[in-house]
Amino acid sequence: MTTHIDGHRVSIQLTEVEAYGGNSDPASHASGSRTSRNAPMWGPPGTLYVYLSYGIHWCANIVVGRENEPGAVLIRGGVVTEGRGTVERRRGRPVHLADGPGKIGQALGLNGSDSGTTVWDGPLALRGPFGSVESWYSTVRIGISKAIDVPWRFVVEDSSALPSSTLP
DNA sequence: CAGGTGATTACG
DNA sequence: GTAATCACCTGC
């Protein structure tokens, strides 16, 4: 995925994501009522949902599934493949692998003003290569206190399984 | 390991 | 109104 924000282009190859559902998923921000914060989760697939976590971290999700049936994928980790200088300036430290949703949000330069935009006309774009499904495995989601047994965290085995042309 | 930080929610 | 809860990161 790639962002073009403040005149800077940053790309990451995804290595870790988590899925969140709608009303039937107690851990989801869409488990309760629709509010101004979580409204993008009801949007069409490809909508971006960005929220502020712990008052500090902007975390990014891509909405999936049908419109009005909330569901989203939280971006948890990725390898920086383009714009590493920009990422290191934003993060204030050397960065190769950004692991953790707050770090990813900061690396990509996202904030609340990007919530509700879409991958076809917003600052964040999706593009391949997407790798093979065999290189991913699933575990339980982390950092949550409800539905902790649902195995909807997906991780790439190891970054050497990524297409070598995408690695730095 | 603990603390920062602020929106959102649950309760009256 | 107030209090508790967070899909987290950093530095000790």
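Just so we're clear, the structure is a prediction, and the values are computed from it rather than from any experiment. Per chain, numbering begins at 1; letters A, B, ... match sequence-line order.
Using modelled atom types, no side-chain atom of A:T2 and backbone atom of A:S11 make a donor-acceptor pair closer than 3.5 Å. A:N111 places a side-chain N or O within 3.5 Å of a backbone atom of A:S113 that can act as its donor or acceptor partner.
Contact annotation for A:R76: backbone-only contact, meaning every heavy-atom pair under 4.0 Å involves sugar-phosphate atoms and none involves a base. Looking at heavy-atom distances under 4.0 Å, A:R153 makes no contact with the nucleic acid at all.
Residue ring and nucleobase are stacked for A:Y20 and C:dA7, with a centre distance beneath 5.5 angstrom and an angle between planes beneath 30°.
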- Paired and unpaired positions of DNA chain B as dot-bracket, Watson-Crick or G-U wobble under 3.5 Å, | denoting a partner strand: ||||.||||||.
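Closest to the side chain of A:T35, out of C:dC9, B:dT9, C:dC6, is B:dT9. The side chain of A:I56 lies closest to B:dT5 when the candidates are C:dA7, B:dT5, C:dT10. With C:dC8, C:dA7, C:dT10 as the candidates, the nucleotide lying closest to the side chain of A:H29 is C:dA7. Here the side chain of A:S28 is nearest to one of C:dA7, C:dT10, B:dT8, namely C:dA7. The side chain of A:S145 lies closest to C:dC6, out of C:dC6, C:dC8, C:dT10.
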- Residue pair A:I5, A:L108: steps toward the side chain to side chain contact (heavy atoms under 4.5 Å, CB included) verdict: CA-CA 8 Å; A:I5 291 175; A:L108 292 175; 5.9 Å; no
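Between the side chains of A:T118 and A:D121, at least one donor N or O sits under 3.5 Å from an acceptor N or O. There is a side-chain donor-acceptor pair under 3.5 Å between A:Q106 and A:R91.
To the nearest angstrom, P of C:dA7 lies 16 Å from CH2 of A:W152. Between A:Y49 atom OH and C:dA7 atom C1' the separation is 9 Å, expressed in whole Å. When the C1' atom of C:dC6 is taken as reference, atom CD1 of A:I144 falls 12 Å away, rounded to whole Å. The CG atom of A:L52 sits 12 Å away from the P atom of C:dC9 (whole-angstrom rounding). Taking atom CZ on A:R141 and atom P on C:dC8, their separation rounds to 11 Å, with Å as the unit. A:L110 places its CG atom 16 Å from the C1' atom of C:dC8, with the value rounded to the nearest Å. Spacing between atom CG of A:N61 and atom P of C:dC6 amounts to 17 Å, rounded to whole angstrom units. One can place OH of A:Y51 at 18 Å from P of C:dT5, the figure rounded to the nearest angstrom.
If you take CZ on A:R76 and CG on A:N61, they are separated by 11.0 Å, rounding to the nearest 0.5 Å. With rounding to the nearest 0.5 Å, the separation of OG1 in A:T35 from CE in A:M41 is 10.5 Å.
Contact annotation: A:R34 side-chain N/O to B:dT8 OP1/OP2 distance is not under 4.0 Å. Taking side-chain N and O atoms only, A:R93 has a distance below 4.0 Å to OP1 or OP2 of C:dT10. Between A:H57 and the phosphate of C:dC9, there is no side-chain N or O to OP1/OP2 separation shorter than 4.0 Å. A sub-4.0 Å separation between OP1 or OP2 of B:dA7 and a side-chain N or O of A:S53 is absent.
In this structure, A:I148 places its CD1 atom where only 12 or fewer heavy-atom neighbours from other residues, nucleotides or ligands lie under 6.0 Å away.
Mapping A:Q106 and A:G21 onto DNA chain C via the closest heavy atom, the residue that lands nearer the 5' end is A:G21.
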